[in-house]
Novice: 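Questions regarding the structure given below will be posed in turn.
Both counts, for ligands and for their atoms, begin at 1 and track the order of listing.
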Amino acid sequence: MRARVRAVTLDAGSTLIHWCAPPAERFELLCRRAGIPLPAGAGVEAARAGLRFQRRYGAPPGGGAEARAWWAAVNAESLRAAGVDGDLAVLGQRIHAAAQGVGAAFVPDPDVPAVLEALRTRGLALAVVSNWDGDLAPRLGAMGLARHFAFIADSTVVGVAKPDPAIDHLTCRSIGVPPESCLHVGDRPETDVAVALAAGAIPVLYDPLEAWDGPEVRVTRLLDLLGVLDGLETGDPA
Ligand SMILES: [Mg+2]
């Protein structure tokens, strides 16, 4: 496929920014906080298993005991994949309890400073399209990231959420680029790939853990977007 890409829109959570740390490091960190030793290098396998579990069993319940049990089960699945022995249900609960002390701390994806700079140097317009709870713009501002974006679509602020293509369309109107010239990158097939396809934009799945199976164009790190863009320009597959 040959396409003239004029803009890149990015998902926020688990794409641009990560709660606490990128997924594998986060699981290792939460295990340390919970006092659970992990085999060396097991974080990736553990995080991948947790993500696949989440996809298999859908979104977590809204809150309370049901949500605690759901997250404990996700953690137990991760521990199993990491080769940890013991009462995994109880250890999963301990990790969930440890996570409660972390708070709403987000960090940029490690590739973010370099990739945003490179995309801007190429003359591409940048925007964020995110299902978020209303404070995304100030949060990105506090992290020094907001200045890169011509528009930040926080679903709670704009009143429409992915995968409804309306959120992509209003973003495209705001930055003055038609959807077919926009590449959207995000970590969830059911929201990010779906919204891009529904809106007529070009989807790229960010899959750092190589957790998903599917036909989508995917990158395992954000800097690989540059190669995808080169491929789209020349018509060569990335
Ligand atoms: Mg996301």
Side-chain angles (χ1 to χ4, degrees), residues 7-27 30 44 47-60 62 67 70-71 74 78 99 102 104-113 115-116 119 126-140 143 145-146 148-149 151-158 160-168 170-171 182-199 201-214 216-225 228:
V8 174
T9 60
L10 297 106
D11 168 52
S14 301
T15 300
L16 261 182
I17 58 177
H18 299 278
W19 171 66
C20 185
E25 294 165 42
R26 177 171 62 230
F27 191 73
L30 293 177
V44 169
R48 182 190 297 129
L51 199 55
R52 286 180 172 161
F53 180 96
Q54 291 176 50
R55 191 170 199 203
R56 210 158 50 242
Y57 295 103
W70 192 92
W71 281 112
V74 172
S78 292
V102 173
F106 286 85
V107 297
D109 184 271
D111 278 0
V112 153
V115 81
L116 295 184
L119 294 171
L126 302 181
V128 181
V129 178
S130 171
N131 291 354
W132 203 266
D133 58 8
D135 71 353
L136 184 57
R139 193 175 283 285
L140 293 178
M143 299 170 84
L145 299 177
H148 293 286
F149 300 107
F151 187 70
I152 295 171
D154 176 326
S155 60
T156 300
V157 174
V158 301
V160 63
K162 298 179 288 187
D164 186 332
I167 192 168
D168 242 17
L170 75 86
T171 301
C182 278
L183 182 150
H184 176 74
V185 59
D187 68 299
R188 290 287 175 157
E190 68 275 19
T191 48
D192 293 301
V193 172
V195 77
L197 292 174
I202 302 160
V204 173
L205 184 67
Y206 177 38
D207 185 17
L209 298 171
E210 299 185 68
W212 306 127
D213 298 316
E216 303 88 1
V217 173
R218 67 192 60 214
V219 292
T220 55
R221 54 181 299 182
L222 291 178
L223 274 170
D224 291 345
L225 280 175
V228 172

Novice: The Mg ion (ligand 1) is nearest to which N, O or S atom of Asp187?
Specialist: OD1
Novice: In Asp11, the N, O or S atom nearest to the Mg ion (ligand 1) is which?
Specialist: OD2
Novice: Taking both backbone and side-chain atoms into account, decide whether Gly13 has an N/O/S atom under 2.8 Å from the Mg ion (ligand 1).
Specialist: yes
Novice: Got a second to check how far Ile152's CD1 is from Thr9's OG1, nearest 0.5 Å?
Specialist: 13.0 Å
Novice: Between the side chain of Ser155 and the main-chain N/O of Trp132, is any donor-acceptor distance below 3.5 Å?
Specialist: yes
Novice: For the pair Thr15 (side chain) and Asp187 (backbone), establish whether a donor and an acceptor sit closer than 3.5 Å, ignoring hydrogens and angles.
Specialist: yes
Novice: So does Ala211 get a backbone contact from the side chain of Arg55, meaning a donor-acceptor N/O pair under 3.5 Å?
Specialist: no
